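Everything numeric in this text was worked out from a predicted model, so none of it was measured.
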Amino acid sequence: MVENLLGPEPTRLPDRPEAQAAADGGTDPGKIVRAYPDFSEAWALLAERALHAGDPVAAYAYARTGYHRGLDQLRRSGWKGFGPVPWDHRPNQGFLRALAALARAAREIGEDEEWERCSTFLADSDPKAPAALGLV
C-alpha cells in the first residue's frame, strides 16, 4: 500500500436519497428535519431562510445544529478533524451549506472570531466551496 503523501483522502458522506429528494423537491425544511433530524442540509435550508428573513439569531441556531450533525456524520465516515470535504460530492453540500450559514450568521451578530473560524474551515474543506456559497 502506497502512503498518501499529500494528506488525508477526501471525506465523502453517504448518499441520503430520500432526504435529498425531499430537499431538492422543495419540501418544507421543517418537515424534512422532523423526518431526518440528522440531515444537515435541512438545517442549512432553515438557516438560509432565517438569514433571508433577517433573523440571524435563529439562523445561527439552525446552522450550528446542522454543522454539528454534519461533524458527527463526517467522523463516522472516517474524517479525523481535518482534510478535504469536497463540495462537488452532493451529500457533503448540506454540511458545507450549514457551515457557510453559520459563518454568515456569526458575522451578522458580531461574532467575528466565529466568522473567521467558519470561513477558514469552509475554505480548508474545499477551496471551491466559498465561491459556490457566495462567501467570497
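The minimum heavy-atom distance linking Ala42 with Val33 is given by the pair CB-CG2, 3.5 Å. Residues Ala63 and Ala98 share a closest heavy-atom pair of CB-O, 3.6 Å. Closest of all the heavy-atom pairs between Ile109 and Pro56 is CG2-CB, 3.8 Å. Heavy-atom minimum distance, Ala103 versus Leu135: CB-CD1, 4.3 Å. When all heavy atoms are compared, the tightest approach of Ala59 to Leu51 is CB-CG, 3.5 Å.
Not counting sequence neighbours, Tyr36 has no partner by the side chain to side chain donor-acceptor pair (under 3.5 Å) test. Looking at residues two or more places apart in sequence or on another chain, you find no side chain to side chain donor-acceptor pair (under 3.5 Å) involving Asp112. Judged as a side chain to side chain donor-acceptor pair (under 3.5 Å), and not counting sequence neighbours, the contacts of Tyr67 are Arg117. Partners of Arg75 by side chain to side chain donor-acceptor pair (under 3.5 Å), not counting sequence neighbours: none found.
Cluster annotation: Trp115 and Tyr60 are assigned to the same hydrophobic cluster (Ile/Leu/Val/Met/Phe/Trp/Tyr, side-chain heavy-atom contacts under 4.5 Å, transitive). When the side chains of ILVMFWY residues are joined at heavy-atom separations under 4.5 Å, either directly or via intervening members, Val57 and Leu45 end up in two distinct hydrophobic clusters. Under a hydrophobic-cluster definition in which Ile, Leu, Val, Met, Phe, Trp and Tyr are linked whenever side-chain heavy atoms come within less than 4.5 Å, directly or via other members, Leu133 and Leu71 are assigned to the same cluster. Placement of Ile32 and Leu96 in two distinct hydrophobic clusters is found when ILVMFWY residues are connected by side-chain heavy-atom separations under 4.5 Å, directly or transitively. Linking ILVMFWY residues whenever their side-chain heavy atoms come closer than 4.5 Å, directly or via other members, leaves Leu74 and Phe39 in distinct clusters.
With rounding to the nearest 0.5 Å, the separation of CG in Asn92 from OG1 in Thr11 is 7.5 Å. Put simply, CZ on Arg12 and CH2 on Trp79 are 15.5 Å apart, with the number rounded to the nearest 0.5 Å. We find the CD-CD distance between Glu116 and Glu113 to be 9.5 Å, quoted to the nearest 0.5 Å. Atom CG of Leu102 sits about 5.0 Å away from atom CD of Glu114, to the nearest 0.5 Å. For the atom pair SG (Cys118) and CG (Leu99), the distance works out to 5.0 Å, reported to the nearest 0.5 Å.
Few gaps surround CZ on Phe95; more than 12 heavy atoms of other groups in view lie less than 6.0 Å from it.
Applying the side chain to side chain donor-acceptor pair (under 3.5 Å) rule to pairs touching residues 120-134 yields nothing, sequence neighbours excluded. Pairs passing the side chain to side chain donor-acceptor pair (under 3.5 Å) check and including a residue from residues 42-55, sequence neighbours excluded, read Asp28-Arg49, Glu48-Arg97.
Pro8 is listed as a side-chain neighbour of Pro84, based on a closest heavy-atom distance under 4.5 Å.
A donor-acceptor contact shorter than 3.5 Å is absent between the side chain of Glu41 and the backbone of Gln93. Under the 3.5 Å distance criterion, the side-chain polar atoms of Ser40 are left unmatched by any main-chain donor or acceptor of Gly94. The backbone N or O of Asp38 lies less than 3.5 Å from a partner atom in the side chain of Gln73, making a donor-acceptor pair.
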